[in-house]
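A short worksheet on the structure shown next.
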Amino acid sequence: ACAEPQLRFRPPAEAPVRLFTEPELARYDGHQEGQPIYLAVKGVVFDVTSGKEFYGKGAPYNALAGKDSTRGVAKMSLDPADLTHDTTGLTEEELKSLDDIFNNVYKAKYPIVGYTSRRILNEDGSPNLDFKPEDQPHFSIKDEF
């Protein structure tokens, strides 16, 4: 009896996690048909394409897409002035709301596809050695440089 040959097939690795600059993230704002829709909260970039009825072109939360909208999420605001990563001056209640929405909506519902450069890099462009990926065991910062 001859043994069947051992197949040496490895499933493809998960899609690599990427580093996004602001202009790059802006390309995924839901306005281009066939493109994924991304938004960032706390520097974590989520693929929200499955929720395009919320984040796609003309949808109620489209203003959040294509950028780090941390402040807007914390304040539950779509005001253009709040559609920024900046959390300066947020109240304790707003920061708690931000953490709740980040963990119970975005992390629970949408895949993480990358991080904003602001989250991974220091102001001078050097790697942020304190960076910790969010539940991304396959992410390696050294792959980004």
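Values below: all heavy atoms of this structure, side chains included; hydrogens, waters and symmetry mates excluded.
How far OG1 of Thr116 is from CG of Asp68: 5.0 Å, rounded to the nearest 0.5 Å. For the atom pair CE of Met76 and CG of Leu98, the computed distance is 10.0 Å after rounding to the nearest 0.5 Å. The line from CG of Asn62 to CG of Leu39 is 10.0 Å long, rounded to the nearest 0.5 Å. Separating the CG atom in Asp47 from the CD1 atom in Ile112 is a distance of 11.5 Å, to the nearest 0.5 Å. One distance of note links CG of Leu95 with CG of Asp100; it measures 11.0 Å at 0.5 Å rounding. Residue Leu90 holds its CG atom at 4.5 Å from CZ of Arg71, rounded to the nearest 0.5 Å.
Judged as a salt bridge (Lys or Arg N to Asp or Glu O under 4.0 Å), and not counting sequence neighbours, Lys57 has no contacts. When the salt bridge (Lys or Arg N to Asp or Glu O under 4.0 Å) test is applied to Asp29, no partner is found at least two apart in sequence or on another chain.
When all heavy atoms of Ser77 and Asp82 are compared, the closest pair comes out as OG-OD2, 2.6 Å. Summarising the geometry of Lys42 relative to Asp99, their closest heavy-atom pair is NZ-OD1, 2.7 Å, with the distance given to 0.1 Å. In terms of heavy atoms, Pro127 sits closest to Asn122 at O-ND2, 3.1 Å. Minimum interatomic distance between Ala74 and Ser97 (heavy atoms only, all atoms of both residues): O-OG, 3.9 Å. The heavy-atom pair separating Ala65 from Ile37 by the smallest distance is CB-CG2, 3.8 Å. Arg119 approaches Val44 most closely through the heavy-atom pair NH1-CG2, 3.0 Å.
Within a 6.0 Å radius of CD in Gln35, more than 12 heavy atoms belonging to other residues, nucleotides or ligands are found. Counted within 6.0 Å of CD on Glu53, heavy atoms from surrounding residues, nucleotides or ligands total more than 12; the atom is thus considered enclosed.
Looking only at side-chain heavy atoms (C-beta outward), Leu25 and Val45 come within less than 4.5 Å of each other.
Applying ring pair (Phe, Tyr, Trp, His ring centres under 6.0 Å) to Tyr38 and the options Tyr106, Tyr110, Tyr115, Phe20 leaves one that passes, Phe20.
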Practice problem: Starting from the C-alpha separation in whole Å, work towards a yes-or-no answer on side chain to side chain contact (heavy atoms under 4.5 Å, CB included) for Gln32 and Arg27. | Solution: CA-CA 8 Å; Gln32 201 167 347; Arg27 288 189 231 149; 5.9 Å; no
Quiz item: Between Phe102 and Phe46, does a side chain to side chain contact (heavy atoms under 4.5 Å, CB included) hold up when you go through it step by step?
Solution: CA-CA 10 Å; Phe102 179 75; Phe46 295 94; 3.7 Å; yes
